Amino acid sequence: MPAKTYTAHSADIRTEVTNVKFITITAVFLALTYVFTAFVNIRLPIAAAGGLIHLGNVPLFICAIIFGKKCGAIAGGFGMALFDLLSGWTAWAPFTLVIVAFMGYTVGALTQKHHGLKWDALAIAAACVIKVTGYYAAEALIYGNWAAPAASIPGNLVQTGAAAVIVLLTVEKLRTAAYKTILS
C-alpha cells in the first residue's frame, strides 16, 4: 500500500509542477504581449479611430508555437485585451479577447504536432486571416459601416507580416532552448 501512495503522490506532484509551469509561462507571455502591444507600437492616422501597428503578435505567436494552443490563446487574448482596457480602446476589448485568443489557439493547434518553418508560416498566415476578418467585422459593428473597415486591412497585414518575419527568424532557436530548459 505505501508504494501506491508514493506513486500517486509523485503523480500529484508532477501534475502540480506542470500546472505551475503552465501558469507561470502563460503569465509571462500575457505580460510580454501586453508590453509589446503597449510600448512597441506606431499609431497610424488612418481608419475611424486611427490605427495601431504593434509587435504584440510576436510574443503571442512564439508562445503559441512553443507552448501550445491553450497558452497562446490565454496569453494573447488577455494580453491584448488588457491593452485595450488600459489604453482607452475599451470598446475593442471584448472583440480583441475573442479574435486574438482564436489567433493564439489556431497557431498553437497548427504547430502542435508539426514543427518547422513551413508549419509556423502556415499557422501565422491562418492567424492573419483571423485578424483581418475578425477586426473588419468588429470595426463594422462598432462603427455601423461595412466599407470603412477596409482602411484597416493594410495596417493589420503590416502588423502581422512584421511579427511573422521576427517570429520565423527566431522561433526555432527559442523552441530548442525552451525544450532544453523549461520543457524538460
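We use all heavy atoms of the structure for the numbers below, so side chains are in, but hydrogens, waters and symmetry mates are not. None of these values were measured; they are calculated from a predicted model.
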Identify each donor-acceptor pair in which a side-chain atom of residues 21-36 lies under 3.5 Å from a protein atom, sequence neighbours left out, and give them as a table.
| unit_1 | atom_1 | unit_2 | atom_2 | d |
| --- | --- | --- | --- | --- |
| Lys21 | NZ | Ile182 | O | 2.8 |
| Lys21 | NZ | Ser184 | O | 3.4 |
| Thr24 | OG1 | Val20 | O | 2.7 |
| Thr26 | OG1 | Phe22 | O | 2.7 |
| Thr33 | OG1 | Phe29 | O | 2.8 |

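Among all heavy-atom pairs drawn from Thr111 and Val107, the shortest one is OG1-O, 2.8 Å. Taking each heavy atom of Phe67 and Ala178 in turn, the nearest pair found is CZ-CB, 4.1 Å. Here the closest non-hydrogen pair linking Tyr105 and Lys69 is O-CB, 3.3 Å. Smallest separation of non-hydrogen atoms from Cys63 and Ala75: SG-CB, 4.1 Å. Shown here for Gly56 and Thr37, the closest heavy-atom pair between the two residues is CA-OG1, 3.3 Å. Nearest approach of Gly76 to Leu60, heavy atoms of both residues: CA-CD1, 3.5 Å.
Once rounded to the nearest 0.5 Å, the distance linking NE2 of His115 with CD of Glu172 reads 8.0 Å. Remark: Cys71 SG to Ile65 CD1 distance equals 12.5 Å, nearest 0.5 Å. Atoms NE2 and CZ, on His54 and Phe39 in that order, are 13.5 Å from each other to the nearest 0.5 Å. In this structure, Ile153 CD1 and Thr133 OG1 are separated by 9.5 Å, a value rounded to the nearest 0.5 Å. Between Asp120 atom CG and Arg175 atom CZ the span is 5.0 Å, to the nearest 0.5 Å. Rounded to the nearest 0.5 angstrom, Thr160 OG1 and Asn57 CG are separated by 5.0 Å.
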**OP:** Could you give me the CA-CA distance, side-chain angles and deciding distance for Ile53 and Asn41, then say whether side-chain contact (heavy atoms from CB on, under 4.5 Å) is met?
**Re:** CA-CA 5 Å; Ile53 294 179; Asn41 65 53; over 6 Å; no

Original post:
Under the side-chain contact (heavy atoms from CB on, under 4.5 Å) criterion, do Thr90 and Asp84 qualify, and how do the steps go?
Top reply: CA-CA 5 Å; Thr90 309; Asp84 287 347; over 6 Å; no

Original post:
Yes or no on side-chain contact (heavy atoms from CB on, under 4.5 Å) for His114 and Leu122, after CA distance, side-chain angles and deciding distance?
Top reply: CA-CA 11 Å; His114 305 285; Leu122 176 67; over 6 Å; no

**OP:** Just do the side-chain contact (heavy atoms from CB on, under 4.5 Å) check on Phe61 and Met103 with the steps written out, would you?
**Re:** CA-CA 9 Å; Phe61 294 154; Met103 288 170 58; 4.0 Å; yes

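Using a 4.5 Å cut-off between side-chain heavy atoms of Ile, Leu, Val, Met, Phe, Trp and Tyr, with links allowed through other members, Val158 and Val165 fall into different hydrophobic clusters. Under the 4.5 Å side-chain heavy-atom criterion for ILVMFWY residues, a single connected hydrophobic cluster contains both Ile99 and Leu141. Using a 4.5 Å cut-off between side-chain heavy atoms of Ile, Leu, Val, Met, Phe, Trp and Tyr, with links allowed through other members, Leu117 and Ile124 fall into the same hydrophobic cluster. Hydrophobic clustering (ILVMFWY, side-chain heavy atoms < 4.5 Å, transitive): Ile142 and Leu85 are in distinct clusters. Clustering ILVMFWY residues whenever any of their side-chain heavy atoms sit less than 4.5 angstrom apart, transitively, puts Phe102 in the very cluster that holds Phe95.
Using bins of under 30°, 30° to 60° and over 60° for the plane-to-plane angle, the ring pair Trp89/Phe83 lands in the tilted bin.
For the side-chain contact (heavy atoms from CB on, under 4.5 Å) with Pro149, the qualifying choice from Tyr143, Tyr136, Tyr135 is Tyr136, the only one to do so.
Judged by distance alone, with hydrogens and angles left aside, the side-chain atoms of Asn145 form a donor-acceptor pair with the main-chain N or O of Ala148 at under 3.5 Å.
Checked against side chain to side chain donor-acceptor pair (under 3.5 Å), Asn156 has no partners two or more places apart in sequence or in another chain.
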